[in-house]
Amino acid sequence: MSARRKPQKASPKKVSVVRRQSGSLAPTGDFAALVERVVAIIENARSRVVRTVNSEMVLSYWHIGREIVEYVQCGEARAEYGEQVIEDLSQQLLTRVGRGYSTRNLWYFRDFYLTYRERPPSIRAETFRTTLVQNSKRLDEAKILHEARAEFTQGFSSRLSWSHYRALLKVNDPAARAFYEIEAARENWSTPHLERQIFTQLHLRLLKSRNKAGVLELARKGQAVERPSDLIKSPLILDFLGLSAHHEYRESDLETAIISKLSQFLLELGKGFAFVARQKRITFDEDHLFIDLVFYNILLKCYLLIDLKLGRLTHQDVGQMDSYVRIFDAHERAPGDGPTIGLILCAEENHTIARYSVLNEYKQLFAAKYVTYLPTEEELRRELERDRRIAEATVDAPRADKSATPKRPTRTKGRKK
């Protein structure tokens, strides 16, 4: 009898080859996809942890602020007493807990509680009521503020960190503060971007007629884009382009600077814009017309044409943009697109032209001022106040003219001219 062979042990290399051939291991392409999915899970978990930590910090600071306010109110009714309490508390916390509890921060916590004392200390779900966005009826101030408060009955936003809320504390007007809180959470603004929008008074620049009721409407629903006028802000602040206000530059320089800083320009331009073309050529009866910049707004599903002007707005600028819009609508607009919007960006506004031209009638045509520097808060406040007065006078004047103008007698046919 022949000797029995001992079963040979398969080498690890052979085993791996057999397994690959049997398909028990995923192909290389699928493995790369697996890695990407796992990485996405880890990154999402980390971001949720960060948001949770930020949310807990916001809630803890609200509670600390409440403790300070209630303790001081139960003590002596003197300002010096409150200052001494905060200084003593800060020293104790720095010794026992560590950094982050300076007297300055404790004052912030106190102000945070006093500002949001009616807000329950909880984190709300990130859903925005569609009824607030869709309702455009005129409401009185009390009702608007009531609904603005109702929007936040579930507490604080998980998307906003303590640094966001500290920036919001700088806004004294409750309606404006509510607007910035809605927009910062809805649009995922960074803290520096929120601070920039507050400094440049976005809530006022968004309003065609800058009145208190309009600001309260923004507080009630944020920036709801329902019509072209909802997108237009004035002035546009283009300090990030790096163009000095004291040196001469050409329209082509302005256009090139915008293209080089396109992402920042899109943020300043507003919601839902995508870049389409530069120097877009449209042809009409063998004539070639060139539009400086073309964008598409995904919210209104329409194109935006921008014409850049270095000087003051003129009748010729308005007529040219009117032609651009009409020709673009006739030859470039696709089925399903809304009417094209035309925007003339000029260095200096002309309210007379705006009042007595197609700008005052055509709801798709606008003119707005731009500045290439960051104005001071006082400069911006004065300019917005001046524009508000002019806008109110422009609205009221045609009504008065219409009521005061007597009816002209009708001419009979055949009368000599």
Side-chain angles (χ1 to χ4, degrees), residues 49-124 126 145 148-149 151-203 215 219 222 376-378 381:
V49 168
V50 171
R51 285 199 300 270
T52 301
V53 170
N54 284 331
S55 297
E56 290 301 321
M57 288 174 63
V58 168
L59 297 183
S60 67
Y61 295 158
W62 187 93
H63 283 291
I64 293 172
R66 183 179 65 178
E67 292 292 334
I68 293 172
V69 170
E70 291 183 351
Y71 182 86
V72 171
Q73 285 179 345
C74 292
E76 301 176 32
R78 288 186 294 130
E80 296 85 354
Y81 175 73
E83 291 179 5
Q84 189 60 49
V85 167
I86 288 180
E87 288 181 7
D88 294 344
L89 179 61
S90 174
Q91 291 178 2
Q92 291 291 327
L93 293 176
L94 289 173
T95 301
R96 297 184 57 180
V97 182
R99 297 172 56 188
Y101 298 95
S102 63
T103 55
R104 182 181 179 183
N105 282 341
L106 292 184
W107 280 112
Y108 274 131
F109 303 160
R110 170 189 172 276
D111 294 342
F112 180 54
Y113 170 73
L114 291 175
T115 302
Y116 295 102
R117 66 192 310 164
E118 296 181 4
R119 186 84 60 87
S122 61
I123 302 301
R124 68 171 181 267
E126 291 306 323
L145 282 176
R149 285 192 291 268
E151 177 72 10
F152 303 110
T153 53
Q154 299 303 313
F156 299 97
S157 171
S158 63
R159 295 184 182 180
L160 301 183
S161 65
W162 164 243
S163 60
H164 286 94
Y165 281 106
R166 197 170 69 178
L168 290 169
L169 292 179
K170 301 174 185 177
V171 184
N172 294 323
D173 183 3
R177 189 188 313 119
F179 161 75
Y180 288 117
E181 185 176 2
I182 290 173
E183 289 299 306
R186 181 182 290 160
E187 302 299 321
N188 287 315
W189 285 352
S190 65
T191 302
H193 188 65
L194 170 61
E195 291 173 336
R196 175 186 172 81
Q197 299 293 22
I198 292 173
F199 182 82
T200 59
Q201 301 190 45
L202 174 65
H203 66 295
V215 176
T376 64
E377 287 188 76
E378 181 61 24
R381 186 192 63 78

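Computed from a prediction, not measured in an experiment: that's the story for all the values here. Hydrogens, waters and symmetry mates play no part in the numbers below; they use all other heavy atoms, side chains included. When a residue number appears, it is its place in the shown sequence, counting from 1.
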Tell me the closest heavy-atom pair linking [X] and [Y], and the distance in Å.
X	Y	result
L94	S102	CD2-N, 4.4 Å
P121	H63	CB-NE2, 3.6 Å
G222	R186	CA-NH1, 4.2 Å
A185	L160	N-CD2, 3.8 Å
E195	K170	OE2-NZ, 4.1 Å
W62	R119	CZ2-O, 3.5 Å

(Q) Does either side chain, that of H193 or that of Q197, offer a donor lying less than 3.5 Å from an acceptor on the other one? (A)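 Yes - a donor-acceptor pair under 3.5 Å links their side chains.
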
Q: Using only heavy-atom distances, determine whether the side chains of Y165 and E181 contain a donor-acceptor pair under 3.5 Å.
A: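 Yes, side-chain donor-acceptor contact under 3.5 Å.
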
How far does [atom1] of [X] sit from [atom2] of [Y], to the nearest 0.5 angstrom?
X	Y	atom1	atom2	answer
F109	E67	CZ	CD	13.5 Å
I68	D111	CD1	CG	9.5 Å
L194	L168	CG	CG	5.0 Å

Could you check whether any side-chain N or O of [X] sits under 3.5 Å from a backbone N or O of [Y], counting only pairs where one atom can act as donor and the other as acceptor?
X	Y	answer
R177	N172	yes
W162	Y61	no
R51	S158	no
H203	A175	no
S60	M57	yes

Q.
Quick check: Y116 with F112 (ring centres under 6.0 Å apart)?
A.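 Close enough - the centres of the two rings lie under 6.0 Å apart.
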
(Q) What I'd like to find out is whether the side chain of L114 reaches to under 4.5 Å of the side chain of R110, using heavy atoms alone. (A)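 Yes, their side chains come closer than 4.5 Å.
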
